[in-house]
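Have a look at the structure below, then the notes.
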2 protein chains.
Amino acid sequence: MGDFLKDCLYFTTNRLSRAITKMADEEFAPTGFSPMYGYLLLLVIRDPGSTQKQLADQLDIAPSTLTRFIEKLERKRLVIRTAQGKSVRVYPTENGKTLEDEIRRASNRLHVRYEKILGKETADLLSKELVRSTDQLEAE
Amino acid sequence: MGDFLKDCLYFTTNRLSRAITKMADEEFAPTGFSPMYGYLLLLVIRDPGSTQKQLADQLDIAPSTLTRFIEKLERKRLVIRTAQGKSVRVYPTENGKTLEDEIRRASNRLHVRYEKILGKETADLLSKELVRSTDQLEAE
DNA sequence: TATATTTAGTTGTACATACAAACGAATAAT
DNA sequence: ATTATTCGTTTGTATGTACAACTAAATATA
């Protein structure tokens, strides 16, 4: 029978997810929000005027989830929304832009930290493997 | 700069987690509960009398999370708890035991499904890689 | 033996995330 | 042109998960 947990991709993936999320939360703590919000803000800063659909696609999260994230960033005055037909375009505020550096630093700290443990090569390879597998699972 | 998302293990891991969790939820739907509850029940059936600490360690989740899971299984009359000093031992009920087969079938369906997409070899290797990396990150 | 520390579990609270249903705008079909 | 369909977004609701603070039991230390 073996250990049905360690053989199950559902379990092993979620286990890694919990570990790396914990680490990411710690490194992003100084920014005042969690990693997903950080990355979302970076996306908006890089491509001002993205629609919510585009953002949700890039982050690979459900539209409703993105709505919630954007709402929160808007409440904190880090982004603004403008309706455009059925779409909604999102732009960073000046306030939001000033956070870019701090978020990048948090992201760098996170990378350095896990690369030190796993090795840079291994970490890069693993990430690539995860992207490839997810792409396949989602194409299905 | 590259794509900061696909290079970030935090992001790529959580992305896979969302994909595989969705798949697992679908396959476990006929059992009436979600994959984690299924696996937890299998653990309890395999090792009746495990303490909550042992179960939380095996599932690699926070003790508080396990408390919540067990509470729910208990409300559904699938397990019972007996206090033993400061520990709590968990046993499956007869009701719980009858579910074992159905959970195993769900688990098998999940495995077959993702192995068909990724290839059995690749899937096994990936799972091993995830276990190894998580072990390293947690040893830290 | 009395006190301090560690350990297991619980409770309150919070957050990321999803799905389903609803809604309005855009596009296609008749 | 009217109707039907698709598409992007929002809202209600639910779940998995965690942390911090707490309680109670066990162990170690004084």
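Note that the structure is predicted; figures quoted are calculated from it, not measured. All chains are named by letter (A, B, ...) in the order of the sequence lines, taking the proteins before the strands, and each is independently numbered beginning at 1.
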So the contacted stretch of DNA chain D, first to last nucleotide with an atom under 4.0 Å from a non-hydrogen atom of chain B, runs from D:dG16 to D:dA26
Pairs satisfying ring pair (Phe, Tyr, Trp, His ring centres under 6.0 Å), at least one member in residues 92-131 of chain B, at least two apart: B:H111-B:Y114
Near DNA chain D, under 4.0 Å by heavy atom, which residues of residues 55-76 of chain A? A:P63, A:S64, A:T67, A:R68, A:E71
Close approaches to DNA chain D from residues 14-40 of chain B, in residue order (heavy atom, under 4.0 Å): B:S34, B:M36, B:Y37
For B:V131, which fellow cluster members are found when Ile, Leu, Val, Met, Phe, Trp and Tyr are connected by side-chain heavy-atom distances below 4.5 angstrom, either directly or through intermediates? none
Supply the members, apart from A:I80, of the Ile/Leu/Val/Met/Phe/Trp/Tyr cluster built from side-chain contacts under 4.5 Å; use none for a lone residue. A:Y91
Which residues pass the side chain to side chain contact (heavy atoms under 4.5 Å, CB included) test with [X], sequence neighbours left out?
X: A:Q136; value: A:R132, B:I117, B:L118
X: A:Q52; value: A:L66, A:T67, A:I70, A:R81, A:V88, A:V90
X: A:K53; value: A:T51, A:D57
X: B:A29; value: none

Between B:S50 (side chain) and B:L55 (backbone), is there a donor-acceptor pair under 3.5 Å? no
Between A:Y10 and A:Q54, which has a closest nucleotide on DNA chain D that is more 5'? A:Q54
Non-neighbouring partners of A:Y39 that pass ring pair (Phe, Tyr, Trp, His ring centres under 6.0 Å), sequence neighbours left out: A:F28, B:F4
Residues two or more places apart in sequence or in another chain: which of them pass ring pair (Phe, Tyr, Trp, His ring centres under 6.0 Å) with B:F11? none
When you check the phosphate oxygens OP1 and OP2 of C:dT10, does a side-chain N or O of B:Q52 lie under 4.0 Å from one of them? yes
Check every strand shown and say whether B:R89 touches a base, only sugar-phosphate, or nothing at a heavy-atom separation below 4.0 Å. nothing
Start at the 5' end of DNA chain C and walk down; is the nucleotide closest to B:V88 or to A:K86 reached first? B:V88
